[in-house]
Amino acid sequence: MKCGDGGSIVAPVGGNMAALANSCASVESIGMLNVMRRAANTWVLKLVLVFIALSFVVWGVGDYVTKEGQEPVAEGGKWTIGPREFAMAYDNEFNQLKQRFGNALDKKTAEALGLKQRVLAVLINRQVLNEATRRLQMDISPATLQNQLAGNPAFLRGDRFDNERYKLWLRSQHLTPRDYEAMLAEEIRSGQLYRTIGSVVAVPDLLVQDLYRLENEKRVVEMLKLKSKALESEIEVTDTLLEEFLRTHAERFMRLAQVKLEYVVLDGSVVRDAVRINPEEIKEYYEENSAEFRHEERRKVSHVLAQVNKPGEEAQALQRIEQARARIQKGEPFAEVARQMSDDVSKEQGGALGEFGRDTIDPALEGAAFSLTEGAVSEPIKSEYGYHLLQVTGITAAEGKTLEQASEEIKHRLSEKKQQELVYERANQLEEKVAAAGSLQAVAEAMQLRYRQTGLFSREDAKNEEIEREDKFLDAAFATPAGEMSAVVEVKEGQFAVLKVLERQEPVLKSLQEARPAVTSLFKNEQAHQKGTELMQKAIALLREGKSWQEAAQLHPALRLEVSEPFLRSGGKGGPAPAVRMAAFRLSMGNPLHGEVLEGLEELVAIRLQKIQEADDKAMQEALPTLRTTLENSLGQEQIVAFMNGLRQEAKIKVHNKMLERF
């Protein structure tokens, strides 16, 4: 399991499993529950299915943070999804997408892509799955849990489990080991349930063979083709016809709204010279953020753990840890004793936990870890997990940048911060001065801001100034009435603008003189297409009457005959256009002529089926195992979709859209 991976629950793959879907969706069936419970407890898990990974990215912030009395974003059955849980899940997914696609992705774009709805669907699916596993009373053994932890690539250093990586990851997620391991168990149970529901009984040979024949049958067609563009020279064009075409297609020939602006810009360049950083500030920053510039002493630590799982086991655990210590004192290697006696997953690496700094190891163990000499073994130490023996196997001395070495970097950071603070401070002043002066040019001179006046432009016109390409700037420009000023607009972080619309021209229909080339081209194109369609319909009528293809082709010099190469239903390189291919596989040798004109690639086509090539039986026998696996996976996913739909319907989910709109 990779706890940062994203994904979605599953994508529907079809609907021809209705009867099985209904039985899968009925989680009330006692027989079904018992079958799933037995199957879940016998499988050795590998990786939980990818399509539920995102459901658990937000663990640790879900059911535990929803406050009583707070209206949820969604609810169903005995569960709710609170605003904070949704917000953290949404931010997590948004930040992952932003890292993948860069800073060009903003919340507005994410909303247009349906990110809110996708995250909510994942959270709902997680809740209904958890409810189902609880009702099934599915249990996870400690060994299964340990194997999952030990096999997680995020926690490995090389090919060994690294406890330091594990602890640092837990800290970054604000989780305790107990909380995370409980959540991981919940994820494993959901994965087991998915695997159970997705299992398919053996697919009959006949069904697999039929599918292979369907996918690998090839067809050959005779085609009568016409490029309608070849008819454009025959189209009569007059001003009267063009004027009428312009009126009836007005939406295609509108002149976009245009504005002429004056505006002022406030950003970091305006205040840069006013920023001063003194040595005392640099020193203070260095001391307050010393961890960034200094690497504290680090220790490599191994341990033996005698785990305490419930009250009353302390004495037995302490006795075992004393026995381990005695063996070490007699000369047995610490790593060998750990392999044989430790209850922790690190025993496979001889008890090695990795390298730690202070505050990154369990507080109960930190004192011993940083007081022992290299190679020394501690006294028994009690923690919330049980009793430990520690051995320090390596020490890395503290190191880092001096104040002098870090000064330039700190100065740059402080300068950026001060610039931003000054920009926001002056943004408030800008609003007041604009209201008082009423003249942007006067405000620009008084505050030493950049001032610019534009010509008329539309949203789509090329623009020289970067700020004029920003959406928030353009939104303000085209929403502000002529003669009025906008409010102060934060175009992007640390950049503000105020603009005035000096002139505004609303969208109007272009005149024929202005739009003649575009109107003429589109008119001829549409008329030629209509004429070509009528010509092809006449050709098909001749073929129905029993005329030959050569006779039909004589209707117009632009008509030409072709015979296709054999092609598959799925197409392929060099095959006919999709419309032609789909029509060809609806024909039979008893009824070979397609009765309608087809749209090809920039051409009109009439077709007649000439030949059917059956799939090769020898090749089919070789392909059957792979095809069977693909078909079983597809049917299994259909069952999963049906099961999830059943759970969601049973939960009677209610989404509070007003809450969702707040995000």
Does [X] have any side chain to side chain contact (heavy atoms under 4.5 Å, CB included) partners at least two apart in sequence or in another chain, and if so, which?
X	answer
Leu568	Lys218, Ser570
Arg413	Tyr285, Glu292, Phe293, Glu409
Ala619	Tyr212, Asp616
Glu493	Gln420, Tyr424

[Y] and [X], any side-chain heavy atoms less than 4.5 Å apart:
X	Y	result
Phe94	Val119	no
Leu624	Gln209	yes
Leu129	Ser190	yes
Phe643	Tyr194	no
Arg134	Arg189	no
Gln148	Leu184	yes
Tyr387	Glu322	no
Glu93	Val122	no

- Message: Please determine whether the number of non-hydrogen atoms from other residues, nucleotides or ligands lying under 6.0 Å from atom CD of Gln316 exceeds 12.
- Response: no

- Item | Pairs where residues 326-342 contributes a residue and the test side chain to side chain donor-acceptor pair (under 3.5 Å) is met, not counting sequence neighbours | Arg327-Glu332, Arg327-Gln340, Glu336-Gln340

Minimum-distance pair of heavy atoms, taken over all atoms of [X] and [Y]:
X	Y	answer
Leu145	Ala185	CD1-N, 3.9 Å
Glu71	His656	OE2-ND1, 3.0 Å
Ala306	Ile321	N-CD1, 3.9 Å
Tyr385	Pro177	OH-CG, 2.6 Å

- Message: Show me the pairs that pass salt bridge (Lys or Arg N to Asp or Glu O under 4.0 Å) and involve residues 342-353, at least two apart or across chains.
- Response: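 As it turns out, the salt bridge (Lys or Arg N to Asp or Glu O under 4.0 Å) pairs with a partner in residues 342-353, which skip direct neighbours, are Arg320-Asp343.
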
Taking [X] for its side chain and [Y] for its backbone only, find out whether a donor-acceptor pair lies under 3.5 Å.
X	Y	answer
Gln639	Ile197	yes
Thr133	Asn130	yes
Glu650	Gly646	no
Arg628	Val203	yes
Asn147	Ala143	yes

- Query: Considering residues at least two apart in sequence or located in another chain, which fulfil the side-chain hydrogen bond (donor to acceptor under 3.5 Å, both in side chains) criterion with Ser383?
  - Reply: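 Ser383 satisfies side-chain hydrogen bond (donor to acceptor under 3.5 Å, both in side chains) with His388 once adjacent residues are dropped.
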
- Task: Decide whether Asp179 and Thr176 meet the rule of one side-chain donor and one side-chain acceptor closer than 3.5 Å.
- Result: yes

- Using only heavy-atom distances, determine whether the side chains of Thr144 and Ser141 contain a donor-acceptor pair under 3.5 Å. yes

- Task: Could you walk me through whether Asp617 and Arg213 pass the side chain to side chain contact (heavy atoms under 4.5 Å, CB included) test, one step at a time?
- Result: CA-CA 9 Å; Asp617 284 343; Arg213 291 190 179 102; 4.0 Å; yes

- Begin with the C-alpha distance, continue with both residues' side-chain angles, and end with the deciding distance and a verdict on side chain to side chain contact (heavy atoms under 4.5 Å, CB included) for Leu211 and Leu627. CA-CA 9 Å; Leu211 179 60; Leu627 183 58; 3.8 Å; yes

Roughly how far apart are [X] [atom1] and [Y] [atom2], rounded to 0.5 Å?
X	Y	atom1	atom2	result
Leu318	Glu313	CG	CD	13.5 Å
Ile81	Leu120	CD1	CG	5.5 Å
Thr626	Leu631	OG1	CG	12.5 Å
Phe86	Asp91	CZ	CG	9.0 Å
Lys300	Gln391	NZ	CD	13.0 Å
Ser302	Leu353	OG	CG	6.5 Å

- Val655/Ile653 under side chain to side chain contact (heavy atoms under 4.5 Å, CB included): CA gap, chis, key distance, verdict: CA-CA 7 Å; Val655 176; Ile653 296 162; 4.3 Å; yes

Could you tabulate the donor-acceptor pairs under 3.5 Å formed by side-chain atoms of residues 365-375, not counting sequence neighbours?
residue : atom : partner : partner atom : Å
Glu366  : OE1  : Asp359  : N            : 3.2
Ser371  : OG   : Gly367  : O            : 2.8
Ser371  : OG   : Ala368  : O            : 3.3

- Between Arg569 and Glu215, does at least one N-O distance fall below 4.0 Å, as a salt bridge requires?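 No.
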
- Task: Would you check, one step at a time, whether the test side chain to side chain contact (heavy atoms under 4.5 Å, CB included) holds for Gln192 with Ile140?
- Result: CA-CA 10 Å; Gln192 289 177 330; Ile140 302 299; 3.4 Å; yes

- Task: Apply salt bridge (charged side-chain N to carboxylate O under 4.0 Å, His left out) to Arg648 and list each qualifying residue two or more places apart in sequence or on a separate chain.
- Result: none

- List for me each residue that meets salt bridge (charged side-chain N to carboxylate O under 4.0 Å, His left out) alongside Glu314, sequence neighbours excluded, and say none if there are none. none

- Message: Strictly by ring pair (Phe, Tyr, Trp, His ring centres under 6.0 Å), give each pair with a member in residues 115-150 just once, sequence neighbours left out.
- Response: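 Matches after skipping sequence neighbours: none remain.
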
- Query: How would you list, by chain and number, every residue that makes a ring pair (Phe, Tyr, Trp, His ring centres under 6.0 Å) with Phe334, sequence neighbours excluded?
  - Reply: none

